[in-house]
There are 2 protein chains.
Amino acid sequence: MAETQQGRDAGTAQRALDVAEALAQTRGFNGFSYAHVAAGLGITKASLHYHFPGKAELGEALITRYSERFAGALARIDDERPAARDRLEAYIELYADVLNGRRMCLCGMLAAEYETLPASMADAIIRFFDANQAWLTGVLEGGRADGTLSFTGDAGEAAQAVIGTLEGAMLIARPYHDLSRFHAAARRLLDGFT
Amino acid sequence: MAETQQGRDAGTAQRALDVAEALAQTRGFNGFSYAHVAAGLGITKASLHYHFPGKAELGEALITRYSERFAGALARIDDERPAARDRLEAYIELYADVLNGRRMCLCGMLAAEYETLPASMADAIIRFFDANQAWLTGVLEGGRADGTLSFTGDAGEAAQAVIGTLEGAMLIARPYHDLSRFHAAARRLLDGFT
DNA sequence: GTCTATAGGCAGATAGAC
DNA sequence: GTCTATCTGCCTATAGAC
């Protein structure tokens with residue numbers, strides 16, 4: 001009961017998700033197997049099947065937990081940062097943290113592979129991006145209303161642009177092993193709202 | 001000898017690259033097999049091994065040909081479009097054409113998977129992005145010099161931002177099956193240089 | 001250049017004991 | 001919950017005939 005999302009006392013299912021998540025974010029969903037996850041946990045493939053009947057279910061659980069964690073982070077930003085510009089900066093920092101762990105955004109990675117994924121996973125990926133866009137749209141509209149964020153056109157479209165820019169910056173920074181590449185893109189993105 | 005890049009009289013190796021390219025751009029490098037390519041060609045897996053000893057060599061050939069074709073397109077833009085802004089628009093159109101074929105940029109896709117790829121492929125991906133950045137940097141510097149493109153900071157950094165934005169816009173537009181999502185991002189990108 | 005046949009390995013998955 | 005054992009299928013790759 002008192003288990004946290006990635007705590008050291010987490011159950012096997014949660015620890016399996018931790019291992020699978022790291023693999024999916026670095027190698028892609030088609031780049032890891034039950035054997036990889038089981039080895040990372042120190043159990044057998046058969047035991048892993050007890051917790052997740054198939055790879056599709058594991059993948060769905062992966063996206064669900066990731067989306068919930070992201071939603072929690074956004075709620076925390078709402079609580080702690082009243083200013084629209086601070087919220088946007090904190091949002092970018094979320095991505096920077098993921099990249100700092102040498103990982104791609106889980107849903108950005110899965111977006112690349114979406115044609116090979118079970119429909120349930122593809123749907124969940126869309127919902128992740130929709131939720132991000134909705135939150136960002138609110139932030140941008142708020143910033144425009146109080147004059148702290150300046151941009152042209154539809155706020156929802158601007159929100160899409162923010163997400164795309166950050167995902168693209170992560171995608172390319174990774175093979176270069178260059179964090180500063182991401183930060184330069186992030187700075188330019190923020191400057192665009194001045 | 002008189003074979004074109006994707007002509008109907010192309011040899012088996014070229015046609016194999018055509019099929020493999022489409023698969024890699026839609027499913028990723030870990031999302032297709034020799035069996036898929038061979039089936040698409042109407043030959044056996046063993047025959048495909050005659051042309052490409054292993055999947056690594058096939059992958060290298062894929063990136064090489066893609067990079068050369070891209071370089072050719074950039075050279076054509078240089079020839080046909082003297083104005084910096086027109087060049088930038090034509091560059092964006094290159095990406096739009098790829099996405100219009102329901103494909104991801106080959107090197108954007110491979111960038112996501114790079115941790116699972118042979119080192120030779122990872123190196124070739126970096127060279128692709130370097131070449132694009134170099135070309136774009138020249139375009140941006142030219143536009144800034146003659147006053148037709150306006151942007152802040154280092155031109156090379158701005159070029160990186162352009163590539164990242166376009167790759168990210170493609171990545172996310174695909175699962176939505178929404179071309180307009182890409183075009184909206186492209187328009188915002190261009191407007192940013194006004 | 002293409003084929004049949006085959007090798008060896010790993011994939012996802014299940015049955016059934018403990 | 002975790003194990004051993006096993007299944008089926010697909011993977012990359014090779015040998016050798018045509």
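Note on naming: letters A, B, ... go to the chains in the order of the sequence lines (proteins, then strands), and numbering restarts at 1 for each one.
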Measure [atom1]/[X] against [atom2]/[N] and give the value in whole Å, please.
X        : N       : atom1 : atom2 : answer
Tyr34(B) : dC10(D) : OH    : C1'   : 16 Å
Gln14(A) : dG1(D)  : CD    : P     : 13 Å
Glu57(A) : dG12(C) : CD    : P     : 13 Å
Lys45(A) : dT14(C) : NZ    : C1'   : 11 Å
Leu58(A) : dA11(C) : CG    : P     : 14 Å
Asn30(A) : dC11(D) : CG    : P     : 12 Å
Arg27(A) : dA11(C) : CZ    : C1'   : 14 Å
Leu48(B) : dC3(C)  : CG    : P     : 11 Å

>> Can you tell me if Ser33(A) touches the phosphate of dC10(C), counting only side-chain N or O atoms and a distance under 4.0 Å to OP1 or OP2?
In response: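 So the side chain of Ser33(A) is outside the cut-off, no N or O lying under 4.0 Å from OP1 or OP2 of dC10(C).
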
> Does dG1(D) have OP1 or OP2 sitting under 4.0 Å from an N or O in the side chain of Tyr50(A)?
Replying inline: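 So the side chain of Tyr50(A) is within the cut-off, an N or O lying under 4.0 Å from OP1 or OP2 of dG1(D).
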
Proximal nucleotide (of [options]) relative to the [X] side chain:
X        : options                  : value
His36(B) : dA5(C), dC11(D), dA15(C) : dC11(D)
Ile43(B) : dT12(D), dC3(C), dG1(C)  : dC3(C)
Ser47(B) : dT2(D), dA13(D), dC3(C)  : dC3(C)
His49(A) : dT4(C), dA13(C), dA11(C) : dA13(C)
Thr12(B) : dT14(C), dG1(C), dG12(C) : dG1(C)

> Hey, is Arg174(A) close enough to Glu115(B) for a salt bridge, meaning N to O under 4.0 Å?
Replying inline: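 A salt bridge links Arg174(A) with Glu115(B).
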
> Between Glu21(A) and Arg103(A), is the closest basic N to carboxylate O distance under 4.0 Å?
Replying inline: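 Answer for the salt bridge query: yes.
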
>> Less than 6.0 angstrom separating the ring centers of His177(B) and Tyr114(A), yes or no?
In response: yes

> Counting any heavy atom closer than 4.0 Å, what does Phe52(B) reach on the DNA or RNA strands: base, sugar-phosphate only, or nothing?
Replying inline: nothing

> Contact class for Thr44(A) vs. all strands (heavy atom < 4.0 Å): base, sugar-phosphate, or nothing?
Replying inline: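 Base, at least one base atom sits under 4.0 Å.
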
>> Go nucleotide by nucleotide along DNA chain C from the 5' end; which of Gly42(B) and Gly54(A) gets its closest nucleotide reached first?
In response: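 It is Gly42(B) whose nearest nucleotide is closer to the 5' end.
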
> Within 45° of the ring axis of Phe32(A) and under 6.0 Å from its six-membered ring centre, is that where the NZ or CZ of Arg27(A) lies?
Replying inline: no

>> Using a 6.0 Å distance limit plus a 45 degree cone around the ring axis, check whether Arg85(A) lies over the aromatic ring of Phe193(A).
In response: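 So Arg85(A) doesn't make the cation-pi contact.
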
